[in-house]
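Everything on this sheet refers to the single structure shown next.
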Amino acid sequence: MGKPLPTPLSPEQAHRLLQDDPQALLVDIRSTMEFLFVGHPSGAVHVPWIDEPDWTVNPQFLTEIRKRLLGGAICTPEESCASVVLICRSGKRSLEAGKALLEAGLPNVFHVDEGFEGELDEQHHRSTTGGWRFRGLPWEQC
């Protein structure tokens, strides 16, 4: 049997989950440059999965997520665990990061399967066929 996978959500489903569950945490895991200059979902916290200058997996990723969750990362039968919704550019990095969180014991891990910008179109442009921004969901840019 393979490793557990984070639950895929469309951008609209992710936005609804975040609206319905005030404990849920939206984490943009893209690089710092992407987060700042391409834009990011409103209300997202930034914890890069892979970032410059080395472009290697962030060894502090799990620790940073747990800090953002505060008490929600500790789960007991009496208390539910806070949901973590991951978003990247097109859904590939968030899938990998979600696997790591599940392996570390966080049970309620989701990822936005279209990402923030979606896949490339025929002209090699993003944000034209899918993604959080294409779907008209709230976002901001520095």
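Side chains included, hydrogens not; waters and symmetry mates left out as well; all remaining heavy atoms used. Owing to the predicted nature of the structure, the values given are computational and were not obtained by experimental measurement.
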- Task: Evaluate side chain to side chain contact (heavy atoms under 4.5 Å, CB included) for Ile87 paired with His111, printing each intermediate quantity in order.
- Result: CA-CA 6 Å; Ile87 190 167; His111 86 108; over 6 Å; no
About how many Å separate [atom2] of [Y] and [atom1] of [X], when rounded to the nearest 0.5 Å?
X      : Y      : atom1 : atom2 : value
Lys92  : Asp113 : NZ    : CG    : 10.5 Å
Glu117 : Thr128 : CD    : OG1   : 10.5 Å
His15  : Arg135 : NE2   : CZ    : 14.0 Å
Arg89  : Glu119 : CZ    : CD    : 8.5 Å
Glu34  : Arg93  : CD    : CZ    : 4.0 Å
Asp28  : Leu36  : CG    : CG    : 10.0 Å

Can you name the closest pair of heavy atoms from [X] and [Y] and give their distance?
X      : Y      : answer
Ala104 : Leu62  : CB-CD2, 3.4 Å
Pro41  : Leu26  : CB-CD2, 3.5 Å
Val38  : Trp139 : O-CZ3, 3.8 Å
Pro6   : Ser94  : CG-O, 4.3 Å
Pro107 : Leu102 : O-CD2, 3.8 Å
Leu17  : Ser83  : CD2-CB, 4.2 Å

Would you confirm whether [X], through its side chain, and [Y], through its main-chain N or O, come within 3.5 Å as a donor-acceptor pair?
X      : Y     : result
Arg126 : Ser90 : no
Trp132 : Cys88 : no
Glu140 : Gly39 : no

When hydrophobic residues are tied together by side-chain contacts of less than 4.5 Å, even through go-betweens, does [X] share a cluster with [Y]?
X      : Y      : value
Phe134 : Phe116 : no
Val57  : Leu101 : yes
Leu106 : Phe110 : no
Leu69  : Leu86  : yes
Leu9   : Leu95  : no

- Message: Please determine whether a side-chain nitrogen of the Lys or Arg among Lys3 and Glu96 lies less than 4.0 Å from a carboxylate oxygen of the Asp or Glu.
- Response: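 No, Lys3 and Glu96 are not salt-bridged.
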- Task: For the pair Glu64 and Arg68, find out whether any cationic side-chain nitrogen is under 4.0 Å from an anionic carboxylate oxygen.
- Result: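 Counted as a salt bridge, because a side-chain N and a carboxylate O are separated by less than 4.0 Å.
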Could you list the donor-acceptor pairs under 3.5 angstrom formed between side-chain atoms of residues 44-54 and any protein atom two or more places apart in sequence or on another chain?
unit_1	atom_1	unit_2	atom_2	d
His46	NE2	Arg30	O	2.8
Asp51	OD1	Thr32	N	3.1
Asp51	OD2	Thr32	OG1	2.7

- Task: Would you check if His125 and Leu120 make a side-chain contact, meaning some heavy-atom pair closer than 4.5 Å?
- Result: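 Of all side-chain heavy-atom pairs linking Leu120 with His125, none is under 4.5 Å.
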- Message: If the condition is side-chain hydrogen bond (donor to acceptor under 3.5 Å, both in side chains), which residues does Gln23 pass it with, not counting sequence neighbours?
- Response: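 Checked Gln23 against side-chain hydrogen bond (donor to acceptor under 3.5 Å, both in side chains); zero matches.
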- Message: Over 60° means perpendicular and under 30° means parallel, so tell me whether His40 and Phe35 are parallel, tilted or perpendicular.
- Response: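 Aromatic pair His40/Phe35 classed parallel.
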